[in-house]
Amino acid sequence: MDAAFKALADPTRRLLLDRLRERNGQTLGELCERLEMARQSATQHLDVLVDAGLVTVLRRGRQRLHYLNPAPIHEIEQRWIAEFDRPRLRALSAIRTRAEEYAMTETSVSVPTYVYVTYIRASAEQVWRALTDADLTARYWGHANVSDWQPGSSWEHRRTDGSGAVDVVGRVVEAEPPTRLVITFEDRPDAEPEREPSVVTFLVEPHRDIVRLTVTHENLPNEEMLNGISQGWPAVLANLKSLLETGDVLPQAPWEM
């Protein structure tokens with residue numbers, strides 16, 4: 001965590017994080033324009049944030065887009081805050097959020113893209129199998145993800161309690177084993193009015209004995225879903241990491257905490 005604390009100690013870097021929190025997925029040019037900062041200075045500060053794991057860079061064609069990665073902050077919160085003050089802090093956060101909602105104008109605010117990065121001691125093939133094998137997903141997710149995982153095919157997020165109920169559906173947009181999987185994600189397929197499904201991208205990048213798994217969740221319909229996946233993805237990926245590295249899932253379901 002030393003790198004994260006060092007990165008956060010600088011006010012300019014905190015300002016960069018604030019700008020990404022306001023609008024995630026910005027290019028270097030967009031960040032420089034908003035901060036009136038030279039590109040070289042912004043690049044140096046962003047490099048520190050990337051090295052600390054606080055910012056993730058994703059390529060879209062020729063563009064390099066910068067996203068907040070909440071994993072290091074999540075680890076700090078788990079170590080020093082969660083065990084002691086979580087109920088009180090949640091209450092205070094809820095009060096502040098509601099007050100800010102009342103203070104906002106009626107102008108719609110776009111929901112940011114969610115990005116989470118984790119490192120797993122496994123091969124790319126092992127991670128791909130864990131993402132697409134129904135029996136494995138049932139172990140670490142509590143739901144079986146069922147599909148043939150071919151582009152254009154449907155997929156279902158089925159309960160494992162014997163009911164056969166499906167909580168999430170979608171379609172496979174892209175499948176490039178073992179490094180890239182893109183799916184649509186509809187947690188309320190019967191919602192009224194109809195809405196565009198959100199999109200989840202799994203990017204598996206191998207490096208020697210480990211992989212970097214980046215999960216990007218885009219086109220979120222509202223803050224409610226953003227809050228839900230912000231709690232859900234870290235829990236699911238922690239269980240996945242434990243299964244691949246130790247052969248077993250975590251002793252308690254992390255999403256129940």
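All values derive from a computational prediction rather than experimental measurement.
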Which heavy-atom pair separates Glu125 from Pro178 by the least distance, and what is that distance?
OE2-CG, 3.8 Å

Establish whether Leu203 and Val173 are linked, either directly or via other cluster members, by ILVMFWY side-chain heavy-atom contacts under 4.5 Å.
no

Judged by atom type as modelled, is there a donor-acceptor pair below 3.5 Å linking the side chain of Thr246 to the main-chain atoms of Leu243?
no

Is there side-chain contact between Val50 and Val48, with heavy atoms separated by less than 4.5 Å?
no

Using a 3.5 Å distance criterion without hydrogens, assess whether the side chain of Gln231 forms a donor-acceptor pair with backbone atoms of Gly228.
no

Are the side chain of Asn24 and the backbone of Thr113 linked by a donor-acceptor contact shorter than 3.5 Å?
yes

Same apolar cluster (I L V M F W Y, side chains within < 4.5 Å links), Ile183/Leu240
yes

Min side-chain heavy-atom separation Leu16-Leu46 under 4.5 Å:
yes

So with a 6.0 Å cut-off around CG of Asp2, is the heavy-atom count from everything else above 12?
no

Considering residues at least two apart in sequence or located in another chain, which fulfil the side chain to side chain donor-acceptor pair (under 3.5 Å) criterion with Arg14?
none

CA sep, side-chain torsions, deciding dist, call: Asn239, Trp255, side-chain contact (heavy atoms from CB on, under 4.5 Å):
CA-CA 10 Å; Asn239 234 11; Trp255 48 80; 3.7 Å; yes

Between Ala138 and Thr160, what is the shortest heavy-atom contact and its length?
CB-CG2, 3.6 Å

List the residues meeting side chain to side chain donor-acceptor pair (under 3.5 Å) with Trp233, not counting sequence neighbours, and say none if there are none.
His217

Any heavy-atom pair between the side chains of Leu20 and Val55 that's under 4.5 Å?
yes

Val249 with Ile120, same ILVMFWY side-chain cluster at under 4.5 Å
yes

Measuring only between side-chain heavy atoms, which start at C-beta, is Leu244 closer than 4.5 Å to Arg121?
no

Taking all heavy atoms of Glu186 and all of Pro197, pick out the closest pair and write down the distance.
CG-CB, 3.2 Å

Do the side chains of Glu30 and Arg39 get close enough for a salt bridge, i.e. N-O under 4.0 angstrom?
no

Looking only at non-hydrogen atoms, find the nearest pair between Leu131 and Thr137 and report the distance.
O-CG2, 3.8 Å

Go through the structure and list residues passing side chain to side chain donor-acceptor pair (under 3.5 Å) with Asp161, not counting sequence neighbours.
Ser163

Return yes if some donor-acceptor pair links the side-chain N/O of Ser154 with the main-chain N/O of Gly170 below 3.5 Å, else return no.
no

Is it possible for you to say whether Tyr67 and Val200 belong to one hydrophobic cluster, with membership spreading through side-chain heavy-atom contacts below 4.5 Å?
no

From Leu250 CG over to Glu256 CD, what is the distance, rounded to the nearest 0.5 angstrom?
11.5 Å

Take Gln26 and Arg19 through the test side-chain contact (heavy atoms from CB on, under 4.5 Å) and record every step on the way to the result.
CA-CA 9 Å; Gln26 296 188 57; Arg19 294 297 177 262; 4.3 Å; yes

Under 3.5 Å, side chain of Asn69 to main-chain N/O of Gly53, donor-acceptor pair present?
yes

Please collect all salt bridge (Lys or Arg N to Asp or Glu O under 4.0 Å) contacts where either partner lies in residues 139-155, sequence neighbours excluded, each pair once.
Arg139-Asp248

Looking at OH of Tyr119 and NE2 of His207, how far apart are the two atoms once the value is rounded to the nearest 0.5 Å?
10.0 Å

Thr43 side chain reached by Leu28 side chain, heavy atoms, under 4.5 Å:
yes

Could you go step by step and tell me if Val172 and Ser147 meet the side-chain contact (heavy atoms from CB on, under 4.5 Å) rule?
CA-CA 9 Å; Val172 180; Ser147 175; 3.9 Å; yes

Are the side chain of Tyr140 and the backbone N or O of Ala130 linked by a donor-acceptor pair below 3.5 Å?
yes

Considering all heavy atoms of both residues, which atom of Glu174 and which atom of Arg180 are nearest to each other, and what is their separation?
OE1-NE, 2.9 Å

Gln40, CD: over 12 other non-hydrogen atoms inside 6.0 angstrom
no

Would you call the rings of Trp155 and His157 parallel, tilted or perpendicular, where under 30° means parallel and over 60° means perpendicular?
perpendicular

Once salt bridge (Lys or Arg N to Asp or Glu O under 4.0 Å) is applied, what residue pairs with a partner in residues 232-241 remain, sequence neighbours excluded?
Lys241-Glu245

Would you find a donor on one side and an acceptor on the other, under 3.5 Å apart, between the side chain of Arg159 and the backbone of Ala165?
no

Any side-chain heavy atom of Leu17 sitting closer than 4.5 Å to one from Leu68?
yes

Determine, using the 4.5 Å side-chain heavy-atom cutoff (strictly less than), whether Leu15 and Leu54 are members of one ILVMFWY cluster.
yes

Short question: side chain of Arg13, backbone of Ala7 - any donor-acceptor pair under 3.5 Å?
yes

Any donor-acceptor N/O pair, Trp128 side chain to Pro177 backbone, under 3.5 Å:
no

Hey, are the side chains of Val117 and Leu213 touching, using non-hydrogen atoms and a 4.5 Å cut-off?
no

Looking at every heavy atom in both Val166 and Arg158, which two are closest together, and how far apart are they?
CG2-CG, 3.8 Å

Would you say Ser198's side chain and Phe185's backbone share a donor-acceptor pair under 3.5 angstrom?
yes

Contact between Val168 and Glu156 at the side-chain level, heavy atoms closer than 4.5 Å - yes or no?
no

In terms of heavy-atom contacts, does CZ of Arg129 have more than 12 from other residues, nucleotides or ligands at under 6.0 Å?
no

Apply the test side-chain contact (heavy atoms from CB on, under 4.5 Å) to residues Leu181 and Glu176: give CA-CA distance (whole Å), side-chain angles for both, the deciding distance (0.1 Å), then the verdict.
CA-CA 6 Å; Leu181 177 65; Glu176 302 174 13; over 6 Å; no

Sequence neighbours excluded, the answer for ring-ring contact (aromatic ring centres under 6.0 Å, His included) partners of His45 is none

